[in-house]
Amino acid sequence: MTASVTVRVPAKVNVQLAVGGLRPDGFHDLANVFLAVGLYDEVTVAPADELRVTCTGPDAGQVPLDRTNLAARAALALAERHGRDGRGGGGGVVGGVHIHIDKDIPVAGGMAGGSADGAGALLACDALWGTGASREELLEICAELGSDVPFSLVGGAALGRGRGELLTPLEVGGTFHWVFAVADGGLSTPAVYAECDRLRETSGTGAGVADVPDPEASAALLDALRTGDAAALAAAVSNDLQAAAVSLRPSLAATLAAGTEAGALAAMVSGSGPTTAFLVTDEAEAAKVADALRASGTCRSVRVTSGPAAGATVLRGSN
Ligand code: C5P
């Protein structure tokens with residue numbers, strides 16, 4: 001019998017991304033308010049002789065299929081912790097696993113697509129291998145894999161402290177409608193953080209932990225999430241990486257302007273970009289803003305969705 005497990009994992013947008021100073025370890029403390037949205041990758045794992053990653057979807061060509069892929073790293077991390085040798089072969093030994101990613105989340109777009117695949121592969125391998133890892137252990141492995149990976153597992157809405165991995169779930173009192181404009185090509189997250197530091201240095205404020213105030217979640221923003229008030233959320237959204245992303249990719253300014261002119265309540269860069277996110281009142285407004293963005297010629301493609309969305313979820317499993 002062929003055993004396989006499929007997990008569905010959402011993308012995210014950061015409705016607030018407050019970035020503290022550069023820490024000695026190269027990371028930045030954050031107040032990072034994540035909202036999962038309904039664009040999904042599906043990760044399917046099945047036993048194989050060796051570790052193998054394949055990917056389908058419009059942007060599949062941009063996804064690394066070697067052991068730098070977060071999905072591969074997640075499988076190896078789980079295998080290592082549970083005493084498997086990582087070489088595959090007899091007895092269903094792990095490391096020997098075929099991970100297939102059906103990718104719908106923009107690649108290197110600031111929507112946590114790679115993190116989603118890491119969280120998805122982890123949950124899928126746990127189910128396939130019957131590892132029985134606790135939620136705490138899965139979250140710990142996620143945090144080792146990357147700052148955004150724990151949120152991909154959890155979904156919904158959450159405040160991320162530390163480098164973004166220390167999560168507090170947030171209450172959300174309604175559905176928020178979004179339009180995303182996908183840019184041509186990706187942006188490297190470390191490069192965007194480095195640009196943020198550079199802009200802080202050149203503006204004279206300094207970029208270190210002693211120079212930058214501790215990042216704090218906005219009370220108005222958390223209230224807006226809790227009450228489901230899109231206009232109030234729009235007034236409170238902020239992204240400290242936006243200036244850096246636009247500095248590295250100046251064409252994003254035209255995309256943001258096109259969405260604003262079309263009537264979006266808020267226009268912002270999603271995370272480290274270059275995807276841009278537009279908060280709208282309802283589905284009809286979403287269609288209008290999406291049409292205007294398509295017509296503007298300032299982006300590669302446009303996606304309409306809403307949040308919050310559930311975290312990593314097992315869709316199908318047989319073993
Ligand atoms: O944790 P992750 O691997 O996703 O981080 C990628 C890079 O993004 C880090 O190496 C660092 O340059 C930057 N980063 C940061 N502060 C954070 C999260 C990420 O500087 N809180």
Side-chain angles (χ1 to χ4, degrees), residues 9-36 41 62-64 66-77 105-122 138-155 158-168 186-201 205-217 238-245 247-249 269-275 311-312:
V9 204
K12 60 84 182 161
V13 62
N14 309 82
V15 286
Q16 185 187 1
L17 184 44
V19 179
L22 175 63
R23 304 191 321 204
D25 67 358
F27 286 87
H28 299 74
D29 275 328
L30 304 178
N32 191 350
V33 182
F34 295 100
L35 179 71
D41 282 358
Q62 296 167 46
V63 175
D66 59 14
R67 291 185 179 211
T68 61
N69 189 301
L70 276 178
R73 288 176 47 205
L76 288 168
I105 304 175
V107 177
M111 297 192 75
S115 299
D117 301 340
L122 188 66
L138 292 177
L139 284 169
E140 207 179 292
I141 299 173
C142 285
E144 285 167 11
L145 293 170
S147 307
D148 288 352
V149 184
F151 180 72
S152 297
L153 189 71
V154 168
L159 170 62
R161 302 306 310 252
R163 57 187 168 83
E165 84 286 19
L166 306 172
L167 296 178
T168 309
L187 272 177
S188 139
T189 302
V192 176
Y193 274 101
E195 180 67 1
C196 175
D197 295 336
R198 194 189 68 80
L199 292 175
R200 285 174 170 171
E201 291 288 358
T205 53
V209 274
D211 309 309
V212 181
D214 286 339
E216 291 298 341
S238 68
N239 179 358
D240 285 356
L241 292 181
Q242 178 155 324
S247 167
L248 294 176
R249 190 71 65 81
V269 169
S270 179
S272 57
T275 304

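Residues take their numbers from the sequence shown, with the count starting at 1. Side chains included, hydrogens not; waters and symmetry mates left out as well; all remaining heavy atoms used. As the structure lists them, so they are numbered: ligands from 1, and atoms in each ligand from 1.
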Residues S272, T189; criterion side-chain hydrogen bond (donor to acceptor under 3.5 Å, both in side chains); working and verdict:
CA-CA 6 Å; S272 57; T189 302; 3.3 Å; yes

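- For atom 11 (C) of ligand 1, the closest heavy atom belonging to the protein is G26 O, 4.0 Å.
- Counting protein heavy atoms only, atom 3 (O) of ligand 1 is closest to G146 CA, 4.1 Å.
- For ligand 1, the polar-atom distance check against H28 finds a nitrogen or oxygen pair separated by under 3.5 Å.
- With respect to the salt-bridge test (charged N to carboxylate O, under 4.0 angstrom), the residues E201 and R198 do not qualify.
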Let's go through L17 and L30 carefully: what are the C-alpha distance in whole Å and the side-chain angles of both, what is the deciding distance for side-chain contact (heavy atoms from CB on, under 4.5 Å) to 0.1 Å, and is it a yes or a no?
CA-CA 7 Å; L17 184 44; L30 304 178; 4.1 Å; yes

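- Contact between F34 and L167 at its shortest, heavy atoms only, is CE1-CD2, 3.8 Å.
- Of all heavy-atom pairs between P215 and A18, the closest is CB-O, 3.3 Å.
- Closest of all the heavy-atom pairs between A244 and C196 is CB-N, 3.5 Å.
- Here the protein heavy atom with the shortest distance to atom 8 (O) of ligand 1 is T189 CG2, 3.5 Å.
- Nearest heavy-atom pair across T68 and R73 is O-CD, 4.0 Å.
- Residue-to-ligand polar distances place R163 within reach of ligand 1: an N/O pair is separated by less than 3.5 Å.
- Looking from atom 19 (C) of ligand 1 to the surrounding protein, the closest heavy atom is Y193 CE1, 3.6 Å.
- Contact annotation: for F27 versus ligand 1, heavy atoms closer than 4.0 Å belong to both the backbone and the side chain.
- In terms of protein heavy-atom proximity, atom 1 (O) of ligand 1 is closest to S147 OG, 2.6 Å.
- At the top of the distance list for atom 7 (C) of ligand 1, counting protein heavy atoms only, stands P190 CG, 3.8 Å.
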